[in-house]
Every structure is written in C-alpha cells, then in structure tokens.
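Presented below is the structure to which this report refers.
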Amino acid sequence: MAFVKLKKILSREENLKTIENTINMLKAKVVIEDNNGVIYGDKLSLEKTEKFDIIVENQIIGFVLGDEKASCIASIISLMAVHEYEKKRLADETIERYKELNILYNVSEKIATTVGITNVGKVVLTEAMKYIDSTFSTIMLLDEQTEKLEVLCQIDRNLFSEKDKSNKLIDLESSIIKNTITKKTGEIINNVRESSLPKDDKSFLFSFICTPIMVKSKIVGVMLIGHEGQKEYTASDFKLFNSLAFQAGTAIEGAKLFDSLKDNFFDTVQVLSQIIEIRDSYKVGRTQAVINYSLNIGRAMGMSGVELVKLKLAVMLHDIGNVAISDEVLAKRGKLSEEEFEIVKKHSEIGANMLNKIDQLKDIVPSIRAHHERYDGSGYPDGLKGEEIPLMARIISVAEAFEAMTNDRPYREAMDLYFAFEELLNNRGKKFDPEVVDVFYKIYKEVKVDKIESYVYTN
C-alpha cells in the first residue's frame with residue numbers, strides 16, 4: 001500500500017490553509033498529532049479533549065484532539081489523506097507498470113533473436129530471475145501424446161555435487177503442479193512448511209511462485225520460480241511472472257512451429273539429396289560424409305549456427321543440377337569426352353538457377369554456382385578466384401574432393417587417407433583455399449585416421 005504521512009499532508013500550504021480556515025470558521029480549538037506526537041496546535045489551549053481518528057484505507061495515521069467540532073476537522077484531513085493516498089497509489093502503479101512493460105519489451109527483443117525451444121525457455125527464466133529474487137527456476141511442458149510434464153529447462157544458481165543435484169528436482173507429481181494444471185491458475189507459496197500443501201509433497205524450495213503457461217486458453221506447461229530460503233513474494237512478483245509465462249507460451253509455440261517447419265523443410269531437402277545420389281550410383285550414401293567434413297571445417301573456422309545450417313543445405317544440394325544431365329553422360333564409365341564434360345560442367349549453373357526460385361535457399365545459391373571454382377581462378381563457370389569464391393563453396397570444394405579421392409570411382413580405386421591429404425596440400429592455393437585445407441588437415445591430425453569421416457568437431 002502507498003504510505004501516506006500526515007505531517008507531509010499538512011506541510012502543503014494549500015492543505016494547511018484549508019484546515020486553518022475551517023478551524024477559524026468553526027471557532028474551534030484543536031490539536032493534530034500523528035504517532036510521533038503533536039504536529040499542529042497546543043494541548044494546553046484545549047478546554048475539552050476528545051480524540052477523533054484520521055483514517056486512510058482502514059489505517060489510522062493520526063488524530064484530531066478537541067471538542068465535538070474536531071470531528072469535522074478529522075473528516076476533512078481524512079479526505080485530504082485519501083486523496084494523497086490515491087495519487088501515490090496511481091503513481092506507484094504507473095511506475096510498476098512501466099517497469100513491467102520495460103522488462104517484457106527487453107524479453108521480447110531477446111526472444112526474437114533466439115532460436116530453439118530450449119534456448120527460448122532459458123531466456124525467459126534468466127530474465128525472470130533478474131527481477132524476482134530466486135535461486136531456482138524451471139519450465140515444464142506438457143507432452144501432447146502422454147499428457148505428462150517434461151522439464152524443458154531449468155536454472156539453478158547454487159552449485160551442488162552430482163549427488164545433491166539428484167535430490168534437487170521439482171516433483172512433477174506434486175499437488176501444487178497438479179493444481180496449477182487443473183485450475184489453470186497460479187499460486188504463491190511463501191512458506192512451504194506453513195502452507196496447506198500435503199506433507200508428503202517434496203520440495204527443496206522454501207518459497208516459490210508457480211503459474212501455468214497458456215496458449216489460446218490451452219495449458220501447455222507450467223513455469224516455477226523460487227528460493228531455498230524464505231521469501232515474501234508479492235502480488236507484483238506474481239503479476240510479472242504471469243506476464244513472462246504468457247510470453248514464454250507464445251514464444252515456445254512459435255519455436256515449435258519453426259522447428260516443425262524446419263524439420264519438414266530438411267526432410268524435403270533430404271529427399272532431393274537422395275534423388276541426386278540415385279542419379280549417380282557412386283555417390284549413394286556419400287553425401288553424409290561430405291556434410292561431416294564440411295561442417296567440421298565450418299565449425300573450426302568459427303561459423304555461427306545459422307551459417308552452419310546454410311552450409312549443410314548447400315552440401316546437400318550442391319549437385320542438384322545433375323538432375324538435368326542425361327543418364328548416358330552422368331553414368332558413363334570411363335573418361336568423358338570434351339563435349340560430354342562441357343555438358344556436365346553446366347550442372348552448377350543449372351542447380352543455381354533452380355534453387356534461385358526458392359526464397360529460403362537464395363542465400364546458398366552463390367555457393368551452389370561456385371562449388372567448382374578454383375582458388376587460382378581456373379575453375380568454372382565464372383572463373384572466380386581467391387575470396388571472390390563464397391566461403392561455403394571453398395569448403396565444399398575441399399570436402400567433396402577428399403570424399404571423391406578416398407572412395408572408389410569407375411576410373412580408379414580409392415586413395416589412402418594419407419595420400420588424399422597429400423593431394424589437398426599439394427593443391428593449396430591452386431585448386432583449394434589454403435586456409436580451408438590447413439583447417440581440415442589440422443582436424444585430421446587431431447583424430448584417429450579411421451574416424452575422420454564420422455568425427456564431429458566441437459571446439
């Protein structure tokens with residue numbers, strides 16, 4: 001409640017003038033005091049003393065002493081105090097609302113740049129713990145098939161041993177969680193020991209707030225924040241946490257939809273990739289190896305997660321132009337004629353033109369077109385050289401060449417890994433980007449030779 005001081009009310013010139021005019025008009029003798037003593041008048045001047053309360057929101061903030069006329073003065077001052085209280089209450093609410101909106105705006109901005117359901121959840125919990133004093137928070141989502149809760153993510157500010165951590169889990173079957181789901185409403189528990197929760201409810205938290213995550217009137221999960229020590233969580237904390245839960249629900253559903261679309265998109269690309277492989281029997285099952293090599297190089301070169309996704313797509317689709325090449329040429333066993341080779345060379349341009357019509361793939365089109373360019377400018381179709389060639393194309397060039405050298409082809413047997421890398425090193429600065437070759441060779445030296453194909457670089 002907004003606190004109102006009687007002394008401050010009477011310190012206002014307009015208030016004091018009104019009171020004094022009323023006293024003079026009534027010809028009354030009064031004394032006004034608060035809990036600390038007299039703030040107006042002289043008790044010795046009183047002939048008859050009655051005491052009248054000055055009340056604001058059922059709280060006594062002072063008294064008017066005097067005869068029966070003093071009751072009128074007490075009523076006027078009470079009205080002044082109520083008016084002051086309302087002004088302070090509205091000001092406090094405005095400030096609180098501004099702070100809440102500012103928090104929610106900041107959370108929205110961070111969510112907008114976050115990819116993945118778990119990461120979205122962590123952003124919401126991290127922001128909640130900035131403004132609500134707590135040691136633990138968690139988001140639990142309802143599985144649509146089993147209708148059971150599963151922990152999406154949680155943040156624990158205290159460090160524990162693995163043994164301790166195993167005991168510090170929220171009981172998903174506790175009554176507070178079940179009530180939140182059933183009643184679709186949240187609750188504050190400031191003292192678990194004195195609450196109405198069943199005694200067998202296990203919780204390592206002393207105080208907590210639990211609220212449902214709702215999307216279009218449907219409950220999709222539960223969000224909880226709490227402290228291992230006793231805290232006095234307020235209605236303001238509860239309101240903020242509810243608002244964050246609403247944001248979490250909207251963001252998580254959006255992330256789910258995005259992940260679903262992304263999965264469907266990759267499934268479609270995977271089908272296209274398999275069609276490409278089927279056209280060339282010697283490449284069946286080999287695309288994954290090129291993907292592994294390329295992603296390892298990309299990670300080691302500091303590519304972001306988004307860039308790595310684009311690189312993976314580029315690898316999967318870099319030879320899609322082969323679908324326009326006849327089987328007679330594409331599956332020919334032995335050396336191609338000059339005329340046939342010119343036909344095959346067209347596949348990078350054809351593939352780029354095909355993918356350029358798909359908005360989601362436009363970022364990888366330059367790399368599809370350029371994956372047969374050479375670092376020294378002797379490649380095709382545009383004779384690009386050095387860093388004129390997109391980085392993804394330079395990476396694919398090395399990865400695909402290594403995969404081709406280390407597997408059987410119609411015109412030769414597979415090379416030993418050592419000699420394949422020798423070939424890459426001998427062509428650094430000619431066919432291949434020196435930095436890409438060096439990065440790949442470094443990865444090769446750090447892992448066992450027989451694991452290079454399946455190794456996943458994570459540094």
Side-chain angles (χ1 to χ4, degrees), residues 113 115 258-259 261-280 283 286-326 329-330 341-404 431-433 435-437 439-440:
T113 57
V115 177
F258 175 80
D259 285 349
L261 292 172
K262 184 179 72 174
D263 290 343
N264 290 337
F265 180 67
F266 267 101
D267 287 344
T268 303
V269 172
Q270 185 66 44
V271 171
L272 292 174
S273 180
Q274 289 170 355
I275 292 172
I276 298 166
E277 287 187 340
I278 290 170
R279 294 294 316 283
D280 187 346
K283 287 190 177 182
R286 305 309 306 166
T287 300
Q288 188 57 51
V290 182
I291 290 173
N292 286 350
Y293 300 151
S294 299
L295 294 182
N296 284 332
I297 295 169
R299 289 189 188 97
M301 294 184 76
M303 279 188 166
S304 68
V306 173
E307 290 171 326
L308 290 172
V309 170
K310 291 178 182 177
L311 176 59
K312 182 178 179 180
L313 287 170
V315 175
M316 295 172 76
L317 296 172
H318 72 279
D319 275 337
I320 192 170
N322 281 341
V323 298
I325 308 299
S326 68
V329 173
L330 196 63
F341 184 55
E342 287 300 319
I343 293 173
V344 170
K345 285 168 63 175
K346 292 288 184 182
H347 80 279
S348 57
E349 294 177 77
I350 294 169
N353 290 335
M354 290 169 63
L355 299 180
N356 197 42
K357 298 172 183 176
I358 304 173
D359 287 340
Q360 295 90 334
L361 297 175
K362 283 187 176 180
D363 286 348
I364 69 170
V365 167
S367 298
I368 300 298
R369 183 180 179 89
H371 74 276
H372 278 295
E373 299 287 0
R374 292 186 173 185
Y375 200 75
D376 62 5
S378 63
Y380 60 86
D382 302 310
L384 303 178
K385 63 181 179 179
E387 294 190 4
E388 293 175 350
I389 307 167
L391 177 57
M392 286 192 290
R394 285 178 267 152
I395 291 173
I396 294 170
S397 177
V398 170
E400 185 178 38
F402 184 80
E403 186 280 325
K431 291 182 180 179
F432 310 116
D433 180 339
E435 184 184 2
V436 174
V437 172
V439 167
F440 192 34

How long is the straight-line distance from [atom2] of [Y] back to [atom1] of [X], given to the nearest 0.5 Å?
X	Y	atom1	atom2	value
Tyr380	Lys345	OH	NZ	7.0 Å
Ser397	Phe402	OG	CZ	14.0 Å
Leu317	Ile358	CG	CD1	8.0 Å
Ile368	Asn353	CD1	CG	12.0 Å
Leu308	Ile291	CG	CD1	12.5 Å

Can you find a heavy atom in the side chain of [X] that is under 4.5 Å from one in the side chain of [Y]?
X	Y	value
Val439	Ile395	no
Val436	Met301	yes
Met392	Met303	yes
Tyr375	Lys385	no
Glu400	Asp319	yes
Glu373	Arg394	no

(request) Start with the C-alpha distance between Asn292 and Gln288, add both sets of side-chain angles, then the distance that settles side chain to side chain donor-acceptor pair (under 3.5 Å), and finish with yes or no. (result) CA-CA 6 Å; Asn292 286 350; Gln288 188 57 51; 3.2 Å; yes
(request) Over all heavy atoms of both residues, which pair between Ala370 and Pro390 is shortest? Give the atoms and the distance, please. (result) CB-CD, 3.7 Å
(message) If you compare all heavy atoms of Asp433 against all heavy atoms of Glu435, which two are closest, and at what distance to 0.1 Å?
(response) OD1-N, 2.9 Å
(request) Without swapping roles, check the side chain of Asp382 against the backbone of Leu384 for a donor-acceptor pair under 3.5 Å. (result) no
Test: [X] and [Y] ion pair at under 4.0 Å:
X	Y	value
Lys431	Asp376	no
Glu349	Arg369	yes
Asp363	Lys310	yes

(message) Can you confirm whether Glu388 is buried at CD, in the sense that more than 12 heavy atoms of other residues, nucleotides or ligands lie under 6.0 Å from that atom?
(response) yes
(message) Using the rule given for side chain to side chain contact (heavy atoms under 4.5 Å, CB included), can you reason through Leu295 versus Leu311, listing the C-alpha separation, both sets of side-chain angles and the distance that settles it, and then say yes or no?
(response) CA-CA 7 Å; Leu295 294 182; Leu311 176 59; 4.1 Å; yes
(message) Taking side-chain contact (heavy atoms from CB on, under 4.5 Å) as the definition, give me every residue that meets it alongside Val365, ordered by chain and number, with sequence neighbours left out.
(response) Ala352, Leu355, Asn356
(request) Give a yes or no on whether the ring-centroid distance for His318 and His347 is below 6.0 angstrom. (result) no
(request) With sequence neighbours left out, write down each residue that passes side chain to side chain donor-acceptor pair (under 3.5 Å) with Glu307, or none if nothing qualifies. (result) Ser304
(request) Applying side chain to side chain contact (heavy atoms under 4.5 Å, CB included), run through Val290 and Met316 and close with a yes or a no. (result) CA-CA 9 Å; Val290 182; Met316 295 172 76; over 6 Å; no
